[in-house]
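Data block below; observations after.
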Amino acid sequence: MRLRILVILAFFFLTGINAFCQEKVEDNYMFSYANDKRPMFEGDMSFVKLNKWVERHLRYPREAKKAGIQGKVIVGFTITKEGSLTNIKVYKGCHPLLDTEAVRVIETTAGKWSCGHMPGTDEPVDVAITCPIVFQL
């Protein structure tokens with residue numbers, strides 16, 4: 001439980017969510033997008049629900065924990081105009097065990113996204129997002 005609290009606190013304070021051009025979302029987030037209606041995770045544009053989801057579903061790899069491995073993994077993905085999650089990849093890894101877990105936890109968010117829209121037209125568009133996931137013992 002203590003580990004999960006540390007992970008989520010680190011996630012809140014050390015992370016950002018980025019894509020095309022940047023906008024500050026709350027005090028601890030950066031989200032960038034090419035449109036004025038960004039994708040939402042479970043109906044939440046602030047990404048609070050995404051952070052809670054990551055907190056609940058992140059599993060610190062046992063081997064990494066034993067070895068004292070910590071770090072931040074930057075995972076990129078695309079929310080398509082249909083609201084699908086695609087192109088999940090590690091942009092900056094810190095260790096293969098942590099990189100794999102970061103991708104896995106993002107994969108668990110599939111089916112929970114709504115698409116972003118173009119300004120003024122409300123036309124659905126694909127939006128690329130990067131999401132840092134912090135592993136801290």
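Because the structure is a prediction, the values reported are computed rather than measured. The analysis underlying the following values was restricted to heavy atoms, covering all of them including side chains, and did not include hydrogens, waters or symmetry mates.
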Decide yes or no for [X] and [Y]: does some side-chain heavy atom of the first lie under 4.5 Å from some side-chain heavy atom of the second?
X	Y	answer
Val103	Val90	yes
Cys115	Val127	no
Phe41	Val48	no
Phe77	Thr130	no
Ile129	Thr78	no
Val134	Val73	no

Spell out, as yes or no, whether a donor-acceptor pair under 3.5 Å connects the side chain of Glu42 to the backbone of Lys112.
-> no

Please report the C-alpha distance between Leu85 and Ile79 in whole Å, then the side-chain angles of each, then the deciding distance to 0.1 Å, and finally whether the side-chain contact (heavy atoms from CB on, under 4.5 Å) criterion is met.
-> CA-CA 5 Å; Leu85 177 69; Ile79 305 303; 3.8 Å; yes

To the nearest 0.5 Å, atom CD of Glu63 lies from atom CG of Leu98 at 10.5 Å

Roughly how far, to the nearest 0.5 Å, is CD1 of Ile69 from SG of Cys94?
-> 8.5 Å

Can you pull the ring pair (Phe, Tyr, Trp, His ring centres under 6.0 Å) pairs that have at least one residue in residues 78-110, sequence neighbours excluded?
-> none

Lys81: what forms a salt bridge (charged side-chain N to carboxylate O under 4.0 Å, His left out) with it, not counting sequence neighbours?
-> none

Write out all pairs satisfying side-chain hydrogen bond (donor to acceptor under 3.5 Å, both in side chains) with one or both partners inside residues 96-109, taking only residues at least two apart or from two chains.
-> Trp53-Thr108, Glu101-Arg104, Thr109-Trp113

State yes or no: do Leu137 and Ile133 share one hydrophobic cluster built from I, L, V, M, F, W and Y residues joined by side-chain heavy-atom distances below 4.5 Å, directly or via other members?
-> yes

Assess whether side-chain contact (heavy atoms from CB on, under 4.5 Å) is satisfied between Cys131 and Ile74, documenting all intermediate values.
-> CA-CA 6 Å; Cys131 178; Ile74 309 296; over 6 Å; no

Residues pairing under salt bridge (Lys or Arg N to Asp or Glu O under 4.0 Å) where one sits in residues 82-92, two or more places apart or in two chains, turn out to be none

For the residue pair Phe135 and Ala102, what are the closest heavy atoms and their distance?
-> CZ-N, 4.0 Å

